[in-house]
Amino acid sequence: MTVALMWEARAVPGRGAELLAWARAQELTPEPLRRETFRAPQDRVLVITWWDAPFDAGLPELPEPDGELVTRAVHRWRFEPVG
């Protein structure tokens, strides 16, 4: 089974590039099958990772960034493919 983990954070205004660099520098062990990083207006950063694992598996996730870098807690979701 494949599961996708989504991690989304919103940087303090003007610090989106710093949050993006921080997210890209975070290593996950083991590495996911696939990892994509996105940015959006309002200094938002989204990271999606794909894993060959059950939906409820214990998987490594990106941590919370320093509280001075983000405006709120990170949002996290898990998704499974639909046939």
Side-chain angles (χ1 to χ4, degrees):
M1 166 177 262
T2 301
V3 62
L5 276 59
M6 295 181 65
W7 177 100
E8 186 266 340
R10 183 173 178 185
V12 170
R15 296 184 69 184
E18 187 178 346
L19 177 60
L20 178 60
W22 179 91
R24 294 175 105 182
Q26 301 306 303
E27 295 184 18
L28 297 172
T29 304
E31 291 187 19
L33 297 172
R34 183 171 153 198
R35 177 176 173 164
E36 292 189 58
T37 305
F38 302 86
R39 64 180 174 185
Q42 299 180 327
D43 294 314
R44 293 179 190 274
V45 174
L46 171 68
V47 179
I48 304 173
T49 57
W50 284 263
W51 304 87
D52 182 17
F55 186 82
D56 58 354
L59 298 168
E61 296 190 46
L62 272 66
E64 292 278 335
D66 177 30
E68 295 180 7
L69 182 59
V70 293
T71 60
R72 57 167 169 71
V74 168
H75 291 173
R76 301 169 195 270
W77 304 274
R78 285 186 181 218
F79 293 90
E80 60 186 351
V82 178

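Residue numbers start at 1 and run along the sequence shown. Basis for what follows: all heavy atoms, side chains included, without hydrogens, waters or symmetry-related copies.
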(message) How long is the straight-line distance from CG of L33 back to CH2 of W51, given to the nearest 0.5 Å?
(response) 8.0 Å
(message) I'd like to know if the side chain of E64 and the backbone of V74 have a donor-acceptor N/O pair within less than 3.5 Å.
(response) yes
(message) I need the minimum non-hydrogen distance between P60 and P30, along with the two atoms involved.
(response) CG-O, 3.8 Å
(message) With a 3.5 Å distance limit and no angle check, can you tell me whether R72 reaches the backbone of A11 through a side-chain donor-acceptor pair?
(response) no
(message) Surrounding CD of E31 (heavy atoms of other residues, nucleotides or ligands, distance under 6.0 Å), is the total greater than 12?
(response) no
(message) Nearest 0.5 angstrom please: L46 CG to R39 CZ, how far?
(response) 13.0 Å
(request) Output the distance between atom CG (L5) and atom CD1 (I48), rounded to the nearest 0.5 Å. (result) 10.5 Å
(message) Is there a side-chain contact (heavy atoms from CB on, under 4.5 Å) between R76 and E61? Walk through the geometry before answering.
(response) CA-CA 9 Å; R76 301 169 195 270; E61 296 190 46; 3.5 Å; yes
(request) Any chance you could lay out the side-chain contact (heavy atoms from CB on, under 4.5 Å) test for L59 and V3, step after step, and finish with the verdict? (result) CA-CA 10 Å; L59 298 168; V3 62; 3.7 Å; yes
(request) Could you walk me through whether R35 and E27 pass the salt bridge (Lys or Arg N to Asp or Glu O under 4.0 Å) test, one step at a time? (result) CA-CA 11 Å; R35 177 176 173 164; E27 295 184 18; over 6 Å; no
(request) Write out all pairs satisfying ring-ring contact (aromatic ring centres under 6.0 Å, His included) with one or both partners inside residues 63-83, taking only residues at least two apart or from two chains. (result) H75-W77
(message) Using salt bridge (Lys or Arg N to Asp or Glu O under 4.0 Å), reason through E80 and R78 one step at a time and then give a plain yes or no.
(response) CA-CA 7 Å; E80 60 186 351; R78 285 186 181 218; over 6 Å; no
(request) Please report the shortest heavy-atom distance between T71 and V12, naming the atom on each side. (result) CG2-CA, 3.6 Å
(message) Can a donor-acceptor pair be found, under 3.5 Å and without considering hydrogens, that links the side chain of D43 to the backbone of R10?
(response) no
(request) Applying side-chain contact (heavy atoms from CB on, under 4.5 Å), run through M6 and V47 and close with a yes or a no. (result) CA-CA 6 Å; M6 295 181 65; V47 179; over 6 Å; no
(request) To the nearest 0.5 Å, tell me how far W22 CH2 sits from R15 CZ. (result) 12.5 Å
(message) Side-chain heavy atoms nearer than 4.5 Å, only ILVMFWY residues, links allowed to pass through others: does that put F55 and L28 together?
(response) yes
(message) Take a 6.0 Å sphere around CZ of R24 and say whether it holds more than 12 heavy atoms from other residues, nucleotides or ligands.
(response) no
(request) Flag the pair E36 / W50 as yes when at least one side-chain heavy-atom distance between them is below 4.5 Å, and no otherwise. (result) yes
(message) On a heavy-atom basis, which atom in A23 and which in W7 lie closest, and how many Å separate them?
(response) CB-CZ3, 4.2 Å
(message) I need the minimum non-hydrogen distance between V45 and G16, along with the two atoms involved.
(response) CG2-O, 4.3 Å
